[in-house]
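Working notes, structure below.
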Amino acid sequence: MKTIACKFGGSSVADASQILKVKAIVDSDPARQYIVVSAPGKRSDDDQKITDLLLLAWETAQNKMDTGSILEVINKRYQEISKDLKLDYDLGPELKEIEKQLSTESSDYAASRGEYLNGKLIAELLGATFIDPAQVITIDQDGSLNEELTYPAVAKALNNNGRCVIPGFYGSDPTGKVKTFSRGGSDISGAIIARAVEADVYENWTDVSGLLMADPRIVPNPEPISEVSYTELRELSYMGAHVLHDEAIFPVKGLNIPVHIKNTNSPDDAGTSIVGKVKHRATPIVGLAGKKGFDAVFMQKILMNKEVGFIRRLLEIFESNGLSIEHLPSGIDTVSVIVRQKAFDAKRKKVLSEIEQTLKVDDLATYEGIALIAVVGAGMAYHPGIAATVFRSLSDEGINIRLIDQGASELNIILGVEEPDFNKAINAIYRAFIKT
Ligand code: ASP
């Protein structure tokens, strides 16, 4: 039988009416056996996430201040959900226990209780088995998943237990203490469950109908993306398009389990499938994304290309200053180092003087306020003229391209433009590929 692991995000489980949508989705397909849930998220823009409230309560308890009013808000929220779902489940003892542990337990323990309580309620509503991830998911001290311990333990706990509800976001460290992933980590939990049970699909239910080809705040009504590969998604999300936690792809990638992004509020929408390899695509690009806030450190030196070790010494300067390099476009006797402006600002003077002294360059300049745009699509490699289309669309708009970097995989072309040209450039490239 087909098996589906589903993860429902914070907005999908924010209150009883949302949770009833979850129930309808789960009930509509018996293959939906493994249900991973987040803590209740925001019900409106000015609402608070339960996870944030729990962390606030923990901090307050650590400072030996009164947590009463914060816990009251948390309690009320769960009691309301339970009452609206007409559940005969007394959360009182659980809430008391959490209150008791706040001053002695870790912040991870506190943060994890949002998922724990929601998991209990949703398991009750669905008549499913509750599985506590602290018993089966092991997260090493450095925050990475302990695969050898986790996958067999999860598979054993879930097999032959019927429909199971598993709270997302946490597991335990090797000593058995509750440990969370980074924020938004229920996406990772869902992927781990999918991998452990070798699910046919990992459905990630959220409040948007998948990914769009461009940021809708920049391009009006961009086309949805129906299929994107794991690697294309990585390129798009590095550049700011975000639907899934960055680390959520790793568990499913090895087994080629597709991730299907779906909208809880509009379950019939097609959504986006994230797959190992895209079979067919109507356009040569899958999407474009971009970010502002970069600086380019440009240098030129006669016969640079013949100087053995030049790039290594250059990289060492950035490394010893703790700066991560984003891109490194190079010419014959020129190279630019692209860094994040925020991190570079504090080290600028030191780095520039080290470059001058160590590398004896002929020309050294910094261009500030660069916006990077990634045009992404695996098909680009097989399509002559993609680069020409991109460059023509920008020149038609009079936009100056400050740098170009085409990845070795030909999965993307990265362009740098001046920040004031950013929105105009994204629109120009989008329109060059998608005719409206
Ligand atoms: N509740 C956690 C957070 O707010 C984890 C999640 O929702 O994925 O980050």
Would you say the ring centroid of Phe130 lies under 6.0 angstrom from that of Tyr116? yes
Hey, is Glu72 close enough to Lys76 for a salt bridge, meaning N to O under 4.0 Å? no
Short N-O contact, Lys262 and Asp207, less than 4.0 angstrom: no
Ignoring hydrogens and angles, tell me if any N or O in the side chain of Lys301 forms a donor-acceptor pair with the backbone of Leu359 under 3.5 Å. yes
Do any N or O atoms from the side chain of Asp29 and from the backbone of Ile25 form a donor-acceptor pair under 3.5 angstrom? no
Do Tyr151 and Asn146 get their side chains close enough for a donor-acceptor pair, meaning under 3.5 Å? no
Does NZ or CZ of Arg402 fall inside the cone over Tyr367's six-membered ring, less than 6.0 Å from its centre and within 45° of the axis? yes
Quiz question: by atom type and distance under 3.5 Å, do the side chains of Asn265 and Gln18 form a donor-acceptor pair? yes
Distance-only side-chain donor-acceptor flag, Asp269 / Asn263, under 3.5 Å: no
Any salt bridge between Asp27 and Arg163, counting N to O under 4.0 Å? yes
Taking only Lys NZ, Arg NE, NH1 and NH2, and the carboxylate oxygens of Asp or Glu, determine whether Glu368 and Arg348 approach each other closer than 4.0 Å. yes
Straight-line distance of Phe181 CZ to Asp187 CG, nearest 0.5 Å: 11.0 Å
Go through the side-chain N and O atoms of Tyr238 and Glu326 and say whether any donor and acceptor fall under 3.5 Å apart. yes
Thr272 and side-chain contact (heavy atoms from CB on, under 4.5 Å): which single residue from Leu211, Asn204, Leu233 fits? Leu211
Contacts of type ring-ring contact (aromatic ring centres under 6.0 Å, His included), residue Phe298, not counting sequence neighbours: none
Mind checking what makes salt bridge (charged side-chain N to carboxylate O under 4.0 Å, His left out) contact with Glu235, not counting sequence neighbours? none
Flag if over 12 foreign heavy atoms under 6.0 Å of CG, Asp142: yes
Nearest atoms (heavy-atom pairs only) where Ser112 meets Val178: OG-CG1, 3.5 Å
Does Arg195 count as lying over the ring of Phe250, i.e. NZ or CZ under 6.0 Å from the six-ring centre, within 45 degrees of the axis? no
Could you verify whether a donor N or O on one side chain and an acceptor N or O on the other, from Ser182 and His245, lie under 3.5 Å apart? yes
